[in-house]
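Working notes, structure below.
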Amino acid sequence: MNIILAHNEISNWLSNRILQLYGLDDEPEVLEPENPQFGDFTTNVAFQLAKKVRKAPLSIAEEIVNSDLPECIKGADVTAGYINFSLSNDVISSIIRNLLSNPDDWRKLHTEKAKKIQVEFVSANPTGPLNIVSARAAAVGSTMANILESAGHNVTTEFLLNDTGNQIHLLDNSFEARIAQIKGNEATIPENGYHGEYIKDYAAEYIESGTHVKPEKWILNKITSEQKQSLEKFRTHFDVWFSEKKFRRSGKIESIIQRLESLGTTYERDKATWFAASKFNSNIKDFVLIKSDGEWAYGLVDIAYHANKFEERGFDKVYTILGPDHYGHRDRLEASMKALGHEDKLKILILQQVNIIEGSEKVKMSKRAGKIITMDELIDDVGVDAARFFFLARRMEAHLDFDLNLARDTSDVNPVYYVQYAHARIRSILKFAENKGLKVEEKINDIKFELAIEPEEILLIRKTIKFPLVVRNASIILGAHLIPFFLIEYSKLFHNFYTKHRVVGENRELSLTRLGISAAVADTIRWGLCLCGISTPNQM
RNA sequence: GCCCCUGUAGCUCAGCUGGAUAGAGCAUCGGACUUCUAAUCCGAGGGUCGCAGGUUCGAAUCCUGUCGGGGGUGCCA
């Protein structure tokens with residue numbers, strides 16, 4: 001048995017009842033009540049039907065319940081118009097036993113329809129080390145990809161490599177100027193160029209290596225490979241590194257502009273070619289596809305790039321995570337996808353910025369001026385686990401003030417350690433029991449979950465079996481933050497249980513039950529942290 | 001001007017596709033280690049959910065207005 005199946009069973013039963021009784025084809029919501037006294041699942045459908053069927057909520061609820069109930073529940077109570085369902089003990093036991101004996105099945109979310117999904121994120125310019133903003137994007141993007149994969153989708157992660165264009169030219173010029181300076185020649189860094197120290201270091205390294213690789217190629221490779229390293233260190237892996245330079249030479253952009261023209265969505269003005277975006281979204285203005293000097297605008301390249309994702313590579317759904325300076329771009333890109341017939345396939349997620357706070361002042365970060373806090377510094381200062389948890393434990397729309405001093409000082413009170421500690425504690429208990437000859441993995445079928453009658457045990461079991469619903473919900477609302485928040489609350493339940501009840505005690509059967517619950521909690525925490533790209537040490 | 005995000009406990013934030021008494025972490029105060037990890041637990045204090053209207057059986061959640069913070073806004077990427 002599996003919680004998702006149980007949930008579906010209740011939903012379907014409810015739909016059928018409503019159809020039978022009132023001939024309505026509604027899809028009622030089956031929710032989890034906050035307060036456990038109201039059972040495992042609840043529905044407010046009686047309130048919603050009250051007007052339609054002209055009856056009091058209470059009598060509707062009673063009518064619905066007055067029939068054979070779904071098999072997975074032991075009862076349905078009507079309280080104040082709500083219908084509350086409680087899972088039967090057999091079902092609860094079977095779900096938790098299944099978790100222990102068949103973890104792979106446990107982690108399947110039985111998604112109705114598996115989709116081919118791409119998540120694009122970070123995609124920082126290869127002009128310097130990745131900064132803390134990219135770190136947030138990396139944490140959120142990689143976790144979203146993990147969650148979607150858990151939900152049963154086929155997920156590809158992608159980094160768009162902006163390996164051409166103005167920024168790259170500026171980088172080349174800055175780099176070559178530094179090389180010249182080191183060699184003792186007169187050279188100035190362009191006004192808008194990259195003044196950071198790292199360019200100087202790279203220049204020295206370039207000269208020292210005595211390589212014959214052209215500077216522009218060398219610096220791009222250098223920076224890209226360092227970015228890759230930083231990302232891997234931050235447990236963020238990209239399946240595809242997509243080169244903009246190659247894409248520009250592929251002929252796809254020419255064909256997209258032709259298609260947009262033949263669709264009648266473009267026009268000429270001031271010697272430039274414009275896209276009539278306002279036809280698709282009245283809130284936005286038209287924008288330039290081909291500049292008056294004949295160059296392709298960034299907007300055009302990105303349209304072609306996104307069209308390529310759907311048309312050449314067949315993704316059903318693409319999530320692109322961008323920074324807040326791309327609001328305008330989001331609307332334009334979505335409008336253009338609409339024009340090309342890919343409506344609703346592209347979802348641009350705007351991840352809010354990270355403000356660096358030092359003391360009481362905001363530090364303006366600028367890569368060109370060389371003032372940045374890099375991802376590597378972040379990793380060294382606060383660690384991957386703490387940094388990832390910090391970024392993940394908030395919605396992506398939330399602005400984030402990152403106080404580096406505070407993060408350093410308080411890294412030991414980061415909730416991530418609280419969660420990891422619960423896991424380590426359980427591993428320790430399991431080991432202790434094993435030394436006493438009680439190995440829970442070998443006795444899964446002997447566990448008597450009905451012996452768990454203490455409130456702390458019951459809460460823990462209920463929360464454990466519902467984690468897949470949290471993951472599924474996170475995949476639907478694209479809310480990675482749901483996982484950390486669940487884990488904090490969940491760990492609290494365990495710590496509470498642990499201090500009140502002895503796990504390994506005199507009574508062997510009870511000990512086995514409590515070991516079973518503990519092992520299930522440890523597995524669940526491991527799954528949750530794994531989704532977040534956070535480690536689960538066995539000792540702390 | 002217009003568009004997007006945001007405003008919830010002293011601080012950092014959950015809760016927002018409307019639901020049952022507004023939550024967590026940190027900070028503050030008071031308790032708990034002879035026994036499986038005290039990186040823990042228990043208790044206390046702390047809120048007109050920015051403000052004002054509206055819709056609803058029901059609003060932190062939806063709508064309108066308003067104030068504050070951040071971002072975007074016709075040839076940067």
Side-chain angles (χ1 to χ4, degrees), chain A residues 29 31 33-35 37-38 42-44 47-48 50-51 56-57 79-82 84 125 162 164-168 192 244 269-275 277-278 281-293 295-302 323-332 350-353 355 390 393-403 406 410 412-415 417-418 420-422 424-433 435-436 476-477 479 481-482 484-486 488-489 491-492 494-505 511 514-515 518 539-540:
Chain A
E29 275 191 305
L31 307 163
E34 268 179 48
N35 189 331
Q37 81 181 71
F38 298 128
T42 186
T43 181
N44 54 23
F47 292 100
Q48 283 154 354
K51 209 168 217 173
T79 328
Y82 296 91
N84 300 325
N125 281 332
N162 300 111
T164 182
N166 280 348
Q167 302 308 316
I168 293 296
N192 291 324
E244 182 185 337
R269 191 206 296 168
D270 302 333
K271 291 185 183 164
T273 304
W274 294 68
F275 177 67
S278 51
N281 179 347
S282 57
N283 282 332
I284 61 175
K285 295 173 180 168
D286 297 348
F287 61 95
V288 168
L289 295 173
I290 301 176
K291 298 191 257 181
S292 49
D293 61 6
E295 292 269 318
W296 292 327
Y298 162 74
L300 169 62
V301 178
D302 221 28
D325 49 336
H326 287 73
Y327 271 124
H329 187 59
R330 172 186 64 181
D331 295 340
R332 289 181 239 163
I350 301 287
L351 182 65
Q352 283 298 335
Q353 67 193 29
N355 294 317
F390 184 83
R394 58 207 72 214
R395 315 197 308 295
M396 55 178 122
E397 305 87 39
H399 300 238
L400 171 56
D401 285 343
F402 193 93
D403 188 326
L406 198 69
T410 62
D412 59 331
V413 296
N414 186 310
Y417 299 107
Y418 183 80
Q420 286 178 326
Y421 182 65
R425 202 175 212 184
I426 294 169
R427 301 304 311 172
S428 166
I429 297 164
L430 295 177
K431 208 169 165 187
F432 176 85
N435 291 338
K436 293 206 158 194
I476 293 169
I477 69 164
H481 68 281
L482 297 182
F485 279 99
F486 173 90
I488 293 171
E489 228 173 288
S491 302
K492 188 180 177 86
F494 180 78
H495 288 309
N496 191 1
F497 157 75
Y498 173 85
T499 40
K500 282 208 179 124
H501 305 288
R502 174 104 198 156
V503 177
V504 184
S511 299
R514 290 181 173 165
L515 283 167
S518 302
Q539 303 178 24
M540 285 174 79

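Naming convention: chains lettered A, B, ... in sequence-line order (proteins, then strands); numbering from 1 in each chain.
A/Glu489 comes within 4.0 angstrom of no nucleic acid atom, judged by non-hydrogen atoms across all strands. Counting non-hydrogen atoms under 4.0 angstrom, A/His399 reaches a base of the nucleic acid. Base contact: A/Asp270 has a heavy atom under 4.0 Å from a base atom. Among the protein residues, A/Tyr298 comes within range of the nucleic acid bases, having at least one heavy atom under 4.0 Å from a base atom. In this structure, A/Gln539 reaches the bases: a heavy-atom distance under 4.0 Å links it to at least one base atom across the strands shown. Using a 4.0 Å heavy-atom cutoff across all strands shown, A/Lys271 reaches no nucleic acid atom at all. Here A/Asn44 lies in heavy-atom contact (under 4.0 Å) with a base. Across all strands shown, A/Ala393 has heavy atoms under 4.0 Å from sugar-phosphate atoms exclusively, and none from any base. Nucleic acid contact class of A/Arg330 (heavy atoms, under 4.0 Å, all strands): sugar-phosphate only. No contact: A/Ala50 has no heavy atom under 4.0 Å from any strand. Nucleic acid contact class of A/Asn281 (heavy atoms, under 4.0 Å, all strands): none. Within the 4.0 angstrom heavy-atom criterion, base atoms lie near A/Thr42. Across all strands, A/Ala80 comes closer than 4.0 Å to no nucleic acid atom at all (heavy-atom distances). A/Phe287 comes within 4.0 angstrom of nothing in the nucleic acid, heavy atoms only.
Phosphate proximity of B/A77 to A/Asn125: absent, as no side-chain N or O sits under 4.0 Å from OP1 or OP2. Taking 4.0 angstrom as the limit, A/Ser428 places a side-chain polar atom (N or O) nearer than this to OP1 or OP2 of B/U37. In this model, the phosphate group of B/U6 is approached by a side-chain N or O of A/Arg395 to a distance below 4.0 Å at OP1 or OP2. Phosphate contact (OP1/OP2 of B/A39, side-chain N/O of A/Arg425, threshold under 4.0 Å): absent. Residue A/His481 has a polar side-chain atom (N or O) positioned under 4.0 Å from OP1 or OP2 of B/G15. Look at A/Tyr421 and you'll find a side-chain N or O under 4.0 angstrom from OP1 or OP2 of B/A39. Considering only side-chain N and O atoms, A/Lys492 lies under 4.0 angstrom from the phosphate OP1 or OP2 of B/G25. Taking 4.0 angstrom as the limit, A/Tyr498 places a side-chain polar atom (N or O) nearer than this to OP1 or OP2 of B/A38. Phosphate proximity of B/G1 to A/Lys285: absent, as no side-chain N or O sits under 4.0 Å from OP1 or OP2.
Here the separation of B/G68 from B/U8, taken at their C1' atoms, is 15 Å to the nearest Å. Rounded to the nearest Å, the gap between the P atom of B/G19 and that of B/U61 is 10 Å. B/C16 and B/U55: their P atoms are spaced 25 Å apart (whole Å). Here, B/C11 and B/U28 have their C1' atoms 12 Å apart, quoted to the whole Å. Using P as the reference atom, B/A44 and B/G25 are 13 Å apart when rounded to the nearest Å. Taking the C1' atoms as reference points, B/C2 lies 14 Å from B/G74, given to the whole Å. Between the P atoms of B/C29 and B/U48, the separation comes to 24 Å (whole Å). Comparing B/U17 with B/U64, their P atoms sit 16 Å apart, to the nearest whole Å.
Remark: C1' of B/G72 and CG of A/Asp331 are 9 Å apart, rounded to the nearest angstrom. Nucleotide B/C2 holds its P atom 12 Å from the CG atom of A/Asn283, rounded to whole Å. Per the geometry, CZ belonging to A/Arg394 stands 16 Å off C1' belonging to B/C5, to the nearest Å. Rounded to whole Å, atom P of B/U12 lies 18 Å from atom CD of A/Glu397.
Taking every side-chain heavy atom of A/Asn84 into account, B/A20 is the closest of B/A20, B/C5, B/U40. Distances were taken from every side-chain heavy atom of A/Lys291 (C-beta onward) to each of B/A77, B/U56, B/C41; the shortest belongs to B/A77.
In textbook terms, a nucleotide whose glycosidic angle is within 90° of 0 is syn, and B/C33 is one such case.
Comparing A/Tyr327 and A/Phe485 against RNA chain B, the residue whose closest nucleotide sits nearer the 5' end is A/Tyr327.
By the criterion of a centre-to-centre distance under 5.5 Å and near-parallel planes under 30°, the ring of A/Phe47 forms no stack with the base of B/G58.
Residues A/Phe497 and A/Phe494 bring their aromatic ring centres within 6.0 Å.
Side-chain contact of A/Asn125 with A/Gln167: a donor-acceptor pair under 3.5 Å is absent, judged by distance alone.
In this structure B/U28 sits in a base pair with B/A44, meeting the Watson-Crick or G-U test at under 3.5 Å. In a base pair of the Watson-Crick type (N1 to N3 plus N6-O4 or O6-N4) or a G-U wobble (N1-O2 and O6-N3), with each distance short of 3.5 Å, B/G65 is matched with B/C51.
The two atoms that bring A/Ser292 and A/Ala272 nearest to each other are N-CB, 3.9 Å, heavy atoms only.
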